[in-house]
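Let me begin by presenting the structure, written as structure tokens, before commenting on it.
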Amino acid sequence: MSSDDTTPTPPGRRTKPKPPMSRLMRLSLKAVDWATDATRRADGTLNRLALSVLDPRVPAFSSPCRGVASRDVLVHPPTRLRARLFYPSAAAGKDERPPPPRPLPVIVFFHGGGFAFLSAASAAYDAACRRIARYASAAVLSVDYRRAPEHRCPAAYDDGIAALRYLDDPKNHHGGGGGGVPPLDAARCYLAGDSAGGNIAHHVARRYACDAAAFENVRVAGLVAIQPFFGGEERTDSELRLDGAPIVTVSRTDWMWRAFLPDGCDRTHEAANFAAPSAAPGVDSPAFPPVLLAIGGYDPLQDWQRRYAEMLRGKGKDVRVFEYPNAIHAFYVFPAFDDGRDLMIRIAEFVAESAAAAAAAGGGGSE
């Protein structure tokens, strides 16, 4: 892993990429690819019934599992938007009284899945959010946002803002009133997500920054963008060179953009293209937070992600780029990849440092 190296990978022969991994891991990824392709239809719809079998929802656990408990909360009743709240919870001994809990920073998390697949209750993301909560000593509010193609852009972005408004209400600073949930410190709030979730986190950060004064308690102190899903009409070198890598292919991403973008829009739309003039509002604001950006060397989307870092730096933003040369797209949700642990450490450091900087600045929006 290298930090802050944004040198583009040199073009090579367009042979099928073979990232280093075990045979068992390779077979597991083929199964994931098969499930994605088998459930998306040419007419732009999804076989949700088949997906419910292939991706069963796992329950929340109020009892600590490896030091982290969870519960499901209703975030926005009109749209029935729900989220899963994860929080560190040390089990006390039989005759022990647990110490008074300290307020926890809150990471508002958006799962990946091309805007259309998976959920906050998918096993992989349930486990990933537990790890983030444990490493960062933070609460994680994993938003079960509305998915495409049934709910196109901007529904997922609207749901992200609804999650921030939920946290802005002091009545929800104890996890919606449930017992055993530590108090939440909305003034130390972070947005995070991977793939499509990284895209959502970016656009929610933009919306927040456009109207930060509308939030009485929430202060967004940082943005964690793990291999965010951006694009454009152009085919980049990495998209062509790494087409056929696990998880991400050109045909899949094209289908996902068609399913997500508003009817009649192409990949020049601001949701996909962060360089579009209409994508600038919010990013130009001093309330747009510092960014941690993770990039994988076997991710076909890496060229867009490097351009994203360049765009932010061009606007004077604080961006920390961590490169994982052997990492595939969504590497950190697979425990077999050791780079996932390093990323968890980087996220924990980022949360701690950003919180300290926000506190030193008096809790206001940071640049």
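In what follows, every heavy atom counts, from backbone to side chain, and hydrogens, waters and symmetry copies are set aside.
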Heavy-atom donor-acceptor pair, [X] side chain to [Y] backbone, under 3.5 Å:
{"X": "Gln305", "Y": "Pro228", "result": "yes"}
{"X": "Thr39", "Y": "Asn47", "result": "no"}
{"X": "Arg188", "Y": "Pro103", "result": "yes"}
{"X": "Glu150", "Y": "Leu46", "result": "no"}
{"X": "Asp284", "Y": "Lys315", "result": "no"}
{"X": "His173", "Y": "Ala186", "result": "no"}
{"X": "Arg131", "Y": "Gly340", "result": "no"}
{"X": "Ser119", "Y": "Ala121", "result": "yes"}
{"X": "Asp159", "Y": "Arg146", "result": "yes"}
{"X": "Glu270", "Y": "Ala276", "result": "no"}

Side-chain heavy atoms of Val321 within contact of Arg313, under 4.5 Å: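 A side-chain contact exists here, since the closest heavy-atom pair is under 4.5 Å.
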Ionic contact status for [Y] with [X], cut-off 4.0 Å:
{"X": "Asp126", "Y": "Arg130", "answer": "yes"}
{"X": "Arg346", "Y": "Glu349", "answer": "yes"}
{"X": "Asp43", "Y": "Arg41", "answer": "no"}
{"X": "Asp185", "Y": "Arg102", "answer": "no"}
{"X": "Arg84", "Y": "Asp144", "answer": "no"}

Is there a path of hydrophobic side-chain contacts, each under 4.5 Å between heavy atoms of I, L, V, M, F, W or Y residues, that connects [X] with [Y]?
{"X": "Phe110", "Y": "Ile161", "result": "yes"}
{"X": "Leu343", "Y": "Met21", "result": "yes"}
{"X": "Val32", "Y": "Leu301", "result": "yes"}
{"X": "Tyr87", "Y": "Val58", "result": "no"}
{"X": "Leu51", "Y": "Trp34", "result": "no"}

Cation-pi geometry met for Arg206 and Phe288 (6.0 Å, 45°):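 So Arg206 doesn't make the cation-pi contact.
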Where at least one partner belongs to residues 240-284, residue pairs that pass ring-ring contact (aromatic ring centres under 6.0 Å, His included), sequence neighbours excluded: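 Matches after skipping sequence neighbours: Phe115-Trp257, Phe115-Phe260, Tyr157-Phe260, Phe229-Trp257, Phe230-Phe274, Phe274-Tyr308.
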Residues Ser142 and His111: side-chain donor-acceptor under 3.5 angstrom: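 Result is no, nothing qualifies.
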Heavy-atom closest contact ([X] atom, [Y] atom, distance):
{"X": "Gly193", "Y": "Ala201", "answer": "N-CB, 4.2 Å"}
{"X": "Met25", "Y": "Ala336", "answer": "SD-CB, 3.7 Å"}
{"X": "Val68", "Y": "Phe86", "answer": "CG1-CB, 4.0 Å"}
{"X": "Leu184", "Y": "Asn172", "answer": "CD1-O, 3.7 Å"}
{"X": "Leu118", "Y": "Gly113", "answer": "CD1-CA, 4.2 Å"}
{"X": "Pro20", "Y": "Tyr298", "answer": "CD-CE1, 3.8 Å"}

Point-to-point distance, once rounded to the nearest 0.5 Å, from [atom1] of [X] to [atom2] of [Y]:
{"X": "Cys129", "Y": "Ile107", "atom1": "SG", "atom2": "CD1", "result": "9.0 Å"}
{"X": "Asp303", "Y": "Asp237", "atom1": "CG", "atom2": "CG", "result": "5.5 Å"}
{"X": "Thr249", "Y": "Asp37", "atom1": "OG1", "atom2": "CG", "result": "6.5 Å"}
{"X": "Tyr190", "Y": "Arg219", "atom1": "OH", "atom2": "CZ", "result": "14.0 Å"}
{"X": "Asn273", "Y": "Trp304", "atom1": "CG", "atom2": "CH2", "result": "6.0 Å"}
{"X": "Asp72", "Y": "Arg57", "atom1": "CG", "atom2": "CZ", "result": "7.0 Å"}

CD (Glu233) with more than 12 external heavy atoms under 6.0 Å: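 More than 12 within 6.0 Å, yes.
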Neighbour count >12 (heavy atoms, 6.0 Å) for atom CZ, Arg341: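 Counting neighbours around CZ of Arg341, 12 or fewer heavy atoms of other residues, nucleotides or ligands fall under 6.0 Å, so no.
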Contacts of Pro277 that satisfy side-chain contact (heavy atoms from CB on, under 4.5 Å) - sequence neighbours left out: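 Partners of Pro277 under the side-chain contact (heavy atoms from CB on, under 4.5 Å) test: none.
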Evaluation steps, side-chain hydrogen bond (donor to acceptor under 3.5 Å, both in side chains), between Asp194 and Tyr125: CA-CA 10 Å; Asp194 74 304; Tyr125 283 107; 2.8 Å; yes
